[in-house]
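Written out below as structure tokens is the structure these notes cover.
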Amino acid sequence: DVKVTQSSRYLVKRTGEKVFLECVQDMDHENMFWYRQDPGLGLRLIYFSYDVKMKEKGDIPEGYSVSREKKERFSLILESASTNQTSMYLCASRPGTSTDTQYFGPGTRLTVL
Amino acid sequence: GEDVEQSLFLSVREGDSSVINCTYTDSSSTYLYWYKQEPGAGLQLLTYIFSNMDMKQDQRLTVLLNKKDKHLSLRIADTQTGDSAIYFCAESKRWGGSQGNLIFGKGTKLSVKP
């Protein structure tokens with residue numbers, strides 16, 4: 001079975017803190033993604049990575065950075081958290097094969113106070 | 001544009017059929033997807049259809065694809081309260097070579113009344 005895990009289900013941080021969201025997949029997938037989900041806006045792609053140490057900006061990369069040092073792990077970093085980054089963060093992975101099917105983790109609900 | 005559009009809400013009675021509709025924009029999309037999100041959870045892949053197919057059936061789920069109108073639908077037969085969730089339509093979009101990303105609609109919240 002495909003398994004994508006995220007380090008926390010719920011997280012509360014203060015404005016200005018540095019925040020790390022971790023995502024791990026155990027399927028040897030090449031591609032990994034970070035989305036944020038907000039009511040009425042659906043899923044928006046923040047960053048993705050198609051290989052170790054490679055990253056590409058998605059639709060809303062401002063205020064975020066990512067790290068992919070190992071194939072199975074993709075980290076999302078909020079350098080200085082702000083209240084408008086309160087959201088549900090979803091990680092996904094995808095094998096480098098013919099379909100574009102993505103497999104999602106359970107999500108991290110981040111609240112920035 | 002690149003918007004995938006779907007209505008935001010649908011309410012049905014238990015035992016009825018649900019039909020969730022979606023329109024997409026990219027006629028070159030190879031695959032089209034339906035994902036389900038239960039409250040507080042991540043997205044779960046329900047089914048997908050290859051763009052050269054018109055229909056795909058999987059137990060209570062039927063996917064219909066009208067490529068000419070760029071219209072995708074998901075029919076859930078005999079809808080149960082456990083089907084209450086948000087359903088996302090997604091199309092695949094090539095960004096380079098063989099790499100593809102998914103463009104998601106905003107999701108349709110299905111409420112099933114007993």
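Predicted model, so just to flag it, every value in this text is computed and none were measured. Order of the sequence lines sets the chain letters (A, B, ...), proteins ahead of strands, with each chain counted from 1.
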Less than 3.5 Å apart, which donor and acceptor atoms pair up between the side chains of residues 103-114 of chain B and the rest of the protein, not counting sequence neighbours?
unit_1   : atom_1 : unit_2 : atom_2 : d
B:Thr108 : OG1    : B:Gln6 : NE2    : 3.0
B:Thr108 : OG1    : B:Ser7 : O      : 2.4

In this structure, would [X] and [Y] fall into the same cluster of hydrophobic residues linked by side-chain contacts under 4.5 Å?
X       : Y        : result
A:Val19 : A:Tyr47  : yes
B:Tyr87 : A:Phe104 : yes
A:Phe74 : A:Leu45  : no
B:Leu74 : B:Tyr24  : yes
A:Phe33 : B:Phe88  : yes

Is it the backbone or the side chain of A:Arg9 that comes under 4.5 Å from a heavy atom of chain B, or both, or neither?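 Answer is side chain: those atoms of A:Arg9 sit under 4.5 Å from chain B.
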Proximity breakdown for A:Gln37 and chain B, heavy-atom pairs closer than 4.5 Å: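 The answer is the side chain of A:Gln37.
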Exceeds 12 heavy-atom contacts within 6.0 angstrom, atom CZ of A:Arg44: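 Buried by this count: over 12 neighbours within 6.0 Å.
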Can B:Tyr31 and A:Thr101 be said to form a side-chain contact (heavy atoms from CB on, under 4.5 Å), step by step? CA-CA 9 Å; B:Tyr31 295 94; A:Thr101 305; over 6 Å; no
Among residues 39-64 of chain B, which residues come closer than 4.5 Å to chain A, judged by heavy atom distances?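 Those residues of residues 39-64 of chain B which have a heavy atom under 4.5 Å from chain A are B:Gly40, B:Ala41, B:Gly42, B:Leu43, B:Leu45, B:Tyr48.
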Identify the heavy atoms of A:Gln102 and B:Tyr35 that sit nearest to each other, and give their distance.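 Scanning both residues, the minimum pair turns out to be O-OH, 2.6 Å.
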Heavy atoms only: give me the nearest B:Leu102-A:Tyr35 pair and the separation to one decimal.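 Scanning both residues completely, I find the closest heavy atoms to be O-OH, 4.2 Å.
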Is there a side-chain contact (heavy atoms from CB on, under 4.5 Å) between B:Gln37 and A:Leu90 once you walk through the steps? CA-CA 11 Å; B:Gln37 185 182 35; A:Leu90 293 164; 4.3 Å; yes
